[in-house]
J.: 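Below is a structure I'd like to ask you about.
Nothing here was measured: the structure is a model prediction, and the numbers come from that model.
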Amino acid sequence: GEISGNEALVNERLRKYLSARFQCESDILKTLRGINGIAQYVDAFTMPDESKWIATAHIEGTTLEKKIAEMCDINGVSTISGREVAEYLQGILLALTALDQHDIVHRDLHPGNIIINSKNNKPVLIDFGMAKFVKQNSDKDELETYLQGLSQGFKAAIGCTLHGGAPIYQAPEKEKN
């Protein structure tokens, strides 16, 4: 079917917003290049179909989410040792400290976005799609810029899909904004 003028405007503004988010993720990963415990940027590129991709160095391992599930016995009780938990937390905190030193917030940190490297059993933060430099405008402000002049219904529907992050791990106050 045909796209109305309003839908075309929405599509164009969304494309610009998503392109800006992609550029931000790419810039953040470049900034964090060489830091242990963080996915290592290799390249960013646009495919012929205009989809955008960021390549990071391959990490042999499994997500912390899967590892936790695998470490539960038949009754759902964790078999992971306190020492192993402490080692994972130490690695995660070192990576988060590096983000803080570069004024970056991840904003989507959860066990599914942490890979445990099978070569050294160390955690690696992945998926910086929601990350931002602290000094940037809020996503709400950024999105508003792209959606100026559209109805509140359009803005609400689009905002729900773009403010992302894993809902189960989001702060309760995020729902209110």
Side-chain angles (χ1 to χ4, degrees), residues 17-47 49 51-134 136 138-139 142-143 158-175 177:
Y17 172 77
L18 293 173
S19 183
R21 289 291 324 135
F22 173 82
Q23 187 61 52
C24 179
E25 180 179 9
S26 181
D27 291 345
I28 284 171
L29 285 170
K30 287 178 192 174
T31 298
L32 299 171
R33 202 182 282 168
I35 296 175
N36 288 332
I38 295 174
Q40 294 301 295
Y41 176 90
V42 173
D43 196 9
F45 52 93
T46 303
M47 299 295 285
D49 67 358
S51 61
K52 297 176 182 294
W53 295 88
I54 294 175
T56 58
H58 177 71
I59 306 159
E60 191 67 41
T62 187
T63 65
L64 181 57
E65 183 175 53
K66 287 180 184 172
K67 193 150 185 92
I68 291 168
E70 291 167 0
M71 293 181 153
C72 289
D73 65 18
I74 197 162
N75 298 316
V77 177
S78 176
T79 59
I80 190 170
S81 72
R83 180 178 182 83
E84 198 165 7
V85 169
E87 287 173 3
Y88 291 158
L89 284 174
Q90 181 181 24
I92 294 165
L93 291 172
L94 286 171
L96 291 174
T97 299
L99 266 64
D100 183 58
Q101 290 169 344
H102 288 85
D103 291 326
I104 296 169
V105 289
H106 188 282
R107 301 190 319 158
D108 194 21
L109 185 64
H110 59 82
N113 280 343
I114 299 167
I115 292 180
I116 304 302
N117 187 325
S118 61
K119 292 179 182 172
N120 60 15
N121 207 35
K122 302 279 186 199
V124 179
L125 302 185
I126 63 169
D127 192 355
F128 283 77
M130 295 299 301
K132 71 177 203 168
F133 291 98
V134 175
Q136 279 180 314
S138 73
D139 271 350
E142 190 178 331
L143 187 57
I158 292 165
C160 288
T161 61
L162 292 179
H163 285 289
I168 193 168
Y169 296 105
Q170 289 179 359
E173 63 272 14
K174 187 171 180 183
E175 249 180 60
N177 294 329

J.: Look up atom NE2 in His106 and atom CD1 in Ile126, then write down how far apart they are to the nearest 0.5 Å.
T.: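 So the gap between those two atoms works out to 7.5 Å.
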
J.: To the nearest 0.5 Å, what is the distance between CD1 (Ile28) and CZ (Phe133)?
T.: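 If we round to the nearest 0.5 Å, Ile28:CD1 and Phe133:CZ are 5.0 Å apart.
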
J.: Mind running side chain to side chain contact (heavy atoms under 4.5 Å, CB included) on Asn36 and Leu94 for me, showing each step along the way?
T.: CA-CA 8 Å; Asn36 288 332; Leu94 286 171; over 6 Å; no

J.: Would you say that more than 12 heavy atoms from the other residues, nucleotides or ligands in this model lie under 6.0 Å from the CD of Glu84, or not?
T.: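 More than 12 heavy atoms, drawn from other residues, nucleotides or ligands, come within 6.0 Å of this atom.
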
J.: Start with the C-alpha gap between Ile92 and Leu64, add the side-chain angles, then the distance that decides, and say whether side chain to side chain contact (heavy atoms under 4.5 Å, CB included) holds.
T.: CA-CA 11 Å; Ile92 294 165; Leu64 181 57; 4.2 Å; yes

J.: Quick one: does any side-chain atom of Thr31 pair with a main-chain N or O of Asp27 as donor and acceptor, under 3.5 Å?
T.: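 Yes, because the side chain of Thr31 sits within donor-acceptor range (under 3.5 Å) of the backbone of Asp27.
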
J.: Backbone N or O of Leu93 within a donor-acceptor pair of the Thr97 side chain at under 3.5 Å?
T.: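 Yes: the side chain of Thr97 pairs with the backbone of Leu93.
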
J.: Kindly compute the distance separating CD1 (Ile115) from OG1 (Thr63), expressed to the nearest 0.5 Å.
T.: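 If I round to the nearest 0.5 Å, the distance is 7.5 Å.
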
J.: Can you tell me if Asp103 has over 12 outside heavy atoms packed within less than 6.0 Å of its CG?
T.: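 Yes, CG of Asp103 has more than 12 neighbouring heavy atoms, counting only those of other groups under 6.0 Å.
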
J.: Between Asp49 (side chain) and Ser51 (backbone), is there a donor-acceptor pair under 3.5 Å?
T.: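 Yes.
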
J.: Check whether any side-chain heavy atom of Leu89 sits under 4.5 Å from a side-chain heavy atom of Val85, and report yes or no.
T.: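 With C-beta onward as the side chain, the pair touches.
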
J.: Between atom CD of Glu25 and atom OH of Tyr41, what is the distance when rounded to the nearest 0.5 Å?
T.: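 Between atom CD of Glu25 and atom OH of Tyr41 there are 10.5 Å.
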
J.: May I have the step-by-step check of side chain to side chain contact (heavy atoms under 4.5 Å, CB included) for Leu32 and His102, ending in yes or no?
T.: CA-CA 8 Å; Leu32 299 171; His102 288 85; 4.1 Å; yes

J.: Is there a donor-acceptor pair closer than 3.5 Å between any side-chain N or O of Arg107 and the backbone N or O of Met130?
T.: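 Such a contact is found between Arg107 side chain and Met130 backbone.
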
J.: If we check side chain to side chain contact (heavy atoms under 4.5 Å, CB included) with Asp127, which of these qualifies: Asp108, Ile54, Thr56?
T.: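 So the option named by the test is Asp108.
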
J.: Should Glu70 and Lys66 count as an ion pair when the cut-off is N to O under 4.0 Å?
T.: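 Not counted as a salt bridge, because no side-chain N and carboxylate O are separated by less than 4.0 Å.
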
J.: Counting distance only, does the side-chain N/O of Ser78 pair as donor-acceptor with the main-chain N or O of Cys72 below 3.5 Å?
T.: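 Answer holds: no.
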
J.: Can you give me the closest heavy-atom contact between Phe22 and Ala44, atom names plus distance?
T.: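 Looking at all heavy atoms of both residues, the shortest contact is CZ-CB, 3.9 Å.
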
J.: Can you measure from CD1 (Ile114) to NZ (Lys122) and round to the nearest 0.5 angstrom?
T.: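 These two atoms lie 14.5 Å from each other.
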
J.: Quick one: does any side-chain atom of Asn117 pair with a main-chain N or O of Asn121 as donor and acceptor, under 3.5 Å?
T.: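 Not at all, since once roles are kept as given, no pair shorter than 3.5 Å links the two residues.
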
J.: Please round to the nearest 0.5 Å and tell me the distance separating atom CZ of Phe128 and atom SG of Cys24.
T.: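 The SG atom of Cys24 is 11.5 Å from CZ of Phe128, to the nearest 0.5 Å.
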
J.: Sequence neighbours excluded, which residues qualify as side chain to side chain contact (heavy atoms under 4.5 Å, CB included) partners of Gln40?
T.: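 Checked Gln40 against side chain to side chain contact (heavy atoms under 4.5 Å, CB included); matches are Arg33, Ile38, Ala57.
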
J.: Counting only N and O atoms by type, is there a donor-acceptor contact under 3.5 Å from the side chain of His110 to the main-chain atoms of Gly112?
T.: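 A pair under 3.5 Å: yes.
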
J.: In the structure I gave you, are the side-chain heavy atoms of Phe45 and Lys52 within less than 4.5 Å of one another anywhere?
T.: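 Phe45 vs Lys52: side chains apart.
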
J.: Are Leu109 and Leu125 side-chain neighbours, meaning at least one heavy-atom pair lies under 4.5 Å?
T.: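 Sidechains of Leu125 and Leu109: in contact.
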
